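Starting from 1, each residue takes its place in the sequence as its number. Only a predicted model underlies this, so the values are computations on that prediction, with no experimental measurement involved.
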Amino acid sequence: MNHRTALARRTVEAVSSTPPPPLDAVPGISGARGWIDLDLGVRELWILPDLHWIAAGEPPPDEPSHAIALCHPSGRIREAALESAAAPAVLPLVAVRCADWVRPVRERALEVLRKTLPDAGPRTLVAVAAVVLRLAARRHGGVARDLAEEILRSAGPEAADALLAADDRAARRLGHRIAIEQERLSPARLAAIAAADEDVVVQQLCADAALAAVREGARDGAREGARDEARYNEVLPPLLRSRHPRVRASGVTELHRAGRPGEAVAFLSDRAPLVRACARWVLRQHGIDPLPLHRAACSSPGVSPGAAAGLGDCGTREDAALLWPLLADPRPPVRARAVAALRALDAVEPERLAPLLDDPSATVIRETATALTPYAARLPEGPLFERLAADRPRSVRTSMFRLLAAHRPMVALRCFLTALDDPDLHVRARTTLTRWSPADATPAYRALPGDERASLDRLLERAATVLDERQHTLLRWSLGTGR
C-alpha cells in the first residue's frame, strides 16, 4: 500500500468513527500535496464506504465522508458532492475538482469556488491557492488558477498577510507578486524580506522591487534637484548584509547607480564568486582597476579566504607568488581557497602542492586533489595507495580515488580493483570498471614488471567474486589475457 492509499484508508476509517474527527485532524491531509494525494488515494482503494446519501440529495453527515465523496471514482458522485461543498474544510478538494477530467464536474467546482472563495477565511484562501497553483500544469488547471489569483488580488489585508507567510512555496511567491504589484510593501520591508527569506525566487522578487522603488524615488528627486539618499540608506544595508549571495549581489550592483563605488571594495573579498564579480564590475564602471586591490588584500595580514579566491578570479600567473605563502596559513578555508586560486591561474606546481594531500582539513585535501588531477601521472603512486587504505578517513580515500583514476592505466585499474572492497567506494569502482577500456591497456599490462603483474592478477582473481562474469571477461580481454 503506497502513501496515497494509506492516506485514503485513514480518511475512510475516520468516516466510521464516532464522532468523526475534523478533516484537518486526519494525518497526512495538509498542504497541497496532501489534498492531491487524498484525491488519488481514494480512487486507488478497492473498497469504498456506502455514499448513496449523496446521490439521494441528503445532507452530508460529516467532513471526512464529504471529502471521500469529492474524490470518488464515479463522476456522478463527485458532481453530487459539489452541490453541498461550501464548507471551508473541503474547499481544497473543490479546487482539485476544478481540474477534473469530467466537464460537468469541473464546471460545477469552478462555480462553487467562485461563490464561496471570496468569503473564505485567510487560512482557507491559502490552502486553496496552494492546490490550484500545484494543479495549474494540468490540462484544465489554468482556469482555477486564474480565478484564485483574481480573488486573491481583491482579498483583504489579513488574507494578503497570510499568503505572504504561507508554508507552501508557490503560494508565498504568488503572495509576494501580488503585494508588489499592489505596492502593499514599502521598499524597506521588501529589502528586509529579500535579505532574510530562504526562497531564491522571493529573494529576487523583493530585492528587484525594493531597488526599483528606490530608483523611481531617485528619479523623482533628480527632477527636483536632489537624490533621495534616505531611501538608499533604508534599502541597501539589509541587502548588503544578507547571507544570501544573490541578494548581496543585487545590493552591490546597485552601488553603481547610487554612485557609491567605494563601498564595493569590501565585497572584492566576499565568499561568493557572484558577489565578487559584481563588485569588480562596479569598480570598473567608475574607472577603478580591481586587480591592485585584490593584490593588496592578499598581501595584508589576516587575509580572508575570499581575498585569495578573488585574486584567482582576475589575477595572472605572476600573482601566484602572493598565493603560495597562504598555503601555510593556520586557517583551513584560506589554504583551500589559495589552492583553488592557483588552479584558476594555471599556476599549479604538483611537487609543491602534493604535501597538502596530508592536510588535516578535508576541504583542503579535496581542493588539492582537484588541482592535481591533471598532473596525476606525475605523482608517485605508492603514497597515493597508502592514503587509499581502509584506516584513512572517507574524504581522504575519495580524493585519492580521483587522483589514481586519472593516473596511468594500470595504476587506475589497480585502484578500481582495490576499491571494490571499500564500503564507501565500491559502487564508484564498479561503475568505473564498466567503462574502463583504454586503447593501450594490453601493452601497458605486458610492460609491467613481473611482481606488479602478479599482484594485479591476484586482484583480478579476487574481483571475480564481486563482478559479474561478463564484466570480468571483458577486463581480461582488455588486458590481452582472455581465454
Side-chain angles (χ1 to χ4, degrees), residues 245 248-249 252 255 261-384 387 395-396 398-400 402-404 406-407:
R248 293 200 305 277
V252 170
L255 292 173
E263 297 180 33
V265 174
F267 294 92
L268 291 174
S269 299
D270 194 273
R271 61 183 180 274
L274 175 63
V275 179
R276 297 196 299 269
C278 291
R280 288 193 295 271
W281 178 83
V282 170
L283 292 173
R284 287 172 179 141
Q285 294 303 304
H286 290 265
I288 303 172
D289 185 3
L291 183 53
L293 299 175
H294 279 296
R295 289 168 175 162
C298 286
S299 303
S300 61
V303 58
S304 68
L311 186 58
D313 291 338
C314 65
T316 65
R317 294 191 68 179
E318 287 71 23
D319 293 316
L322 296 173
L323 295 170
W324 286 110
L326 300 183
L327 300 182
D329 193 281
R331 294 164 295 169
V334 175
R335 299 197 300 275
R337 296 299 178 271
V339 172
L342 288 168
R343 177 168 59 88
L345 297 179
D346 193 22
V348 172
E349 297 180 20
E351 293 75 14
R352 295 180 68 177
L353 277 186
L356 289 178
L357 293 174
D358 294 314
D359 194 277
S361 168
T363 303
V364 176
I365 294 175
R366 184 168 55 250
E367 288 290 352
T368 304
T370 302
L372 289 176
T373 296
Y375 310 93
R378 293 169 54 180
L379 301 175
E381 60 191 81
L384 298 182
R387 299 183 184 102
S395 57
V396 175
T398 302
S399 296
M400 295 310 106
R402 291 176 56 197
L403 284 171
L404 288 167
H407 217 288

Closest heavy-atom pair and its distance - [X], [Y]:
| X | Y | value |
| --- | --- | --- |
| A249 | V275 | N-CG2, 3.9 Å |
| R317 | D346 | NE-O, 3.0 Å |
| A341 | A308 | CB-O, 3.3 Å |
| T363 | A336 | CG2-CB, 3.8 Å |
| R276 | G306 | CD-O, 3.8 Å |
| L283 | P290 | CD1-CB, 4.2 Å |

For [X], side-chain contact (heavy atoms from CB on, under 4.5 Å) partners two or more places apart:
| X | result |
| --- | --- |
| S299 | L322 |
| A279 | V252, A264, F267, L268 |
| A347 | A320, L342, L345 |

Can you find a pair of side-chain heavy atoms, one from [X] and one from [Y], that are under 4.5 Å apart?
| X | Y | answer |
| --- | --- | --- |
| V348 | L372 | yes |
| L327 | V339 | yes |
| E349 | W324 | yes |

Mind checking the [atom1]-[atom2] spacing from [X] to [Y]? Nearest 0.5 Å is all I need.
| X | Y | atom1 | atom2 | value |
| --- | --- | --- | --- | --- |
| E381 | L384 | CD | CG | 8.0 Å |
| C314 | L291 | SG | CG | 5.0 Å |
| L293 | C298 | CG | SG | 11.5 Å |
| R271 | R337 | CZ | CZ | 10.5 Å |
| H407 | T373 | NE2 | OG1 | 11.0 Å |

Who are the side-chain hydrogen bond (donor to acceptor under 3.5 Å, both in side chains) partners of [X], not counting sequence neighbours?
| X | answer |
| --- | --- |
| R331 | D329 |
| D319 | R295, T316 |
| R343 | none |
| R402 | T370 |

| task | Step by step, work out the side chain to side chain contact (heavy atoms under 4.5 Å, CB included) result for L326 and R335. | result | CA-CA 6 Å; L326 300 183; R335 299 197 300 275; over 6 Å; no
Report the residues that fulfil salt bridge (Lys or Arg N to Asp or Glu O under 4.0 Å) with [X], sequence neighbours left out, ordered by chain and then residue number.
| X | answer |
| --- | --- |
| D358 | R387 |
| R280 | D313 |
| E351 | R378 |

| request: Kindly say whether S269 contributes a backbone atom to a donor-acceptor pair with the side chain of H294 at under 3.5 angstrom? | output: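 Side chain of H294 to backbone of S269, a donor-acceptor pair under 3.5 Å: no, none is there.
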| query | Just by distance, do the side chain of H286 and the backbone of P261 share a donor-acceptor pair under 3.5 Å? | reply |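 Checked: no pair found.
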| Qualifying residues under ring pair (Phe, Tyr, Trp, His ring centres under 6.0 Å), relative to W281, sequence neighbours excluded |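 Result, ring pair (Phe, Tyr, Trp, His ring centres under 6.0 Å) vs W281: H256.
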| message | With salt bridge (charged side-chain N to carboxylate O under 4.0 Å, His left out) as the rule and sequence neighbours excluded, what pairs involving residues 296-305 come up? | response |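 For residues 296-305: none.
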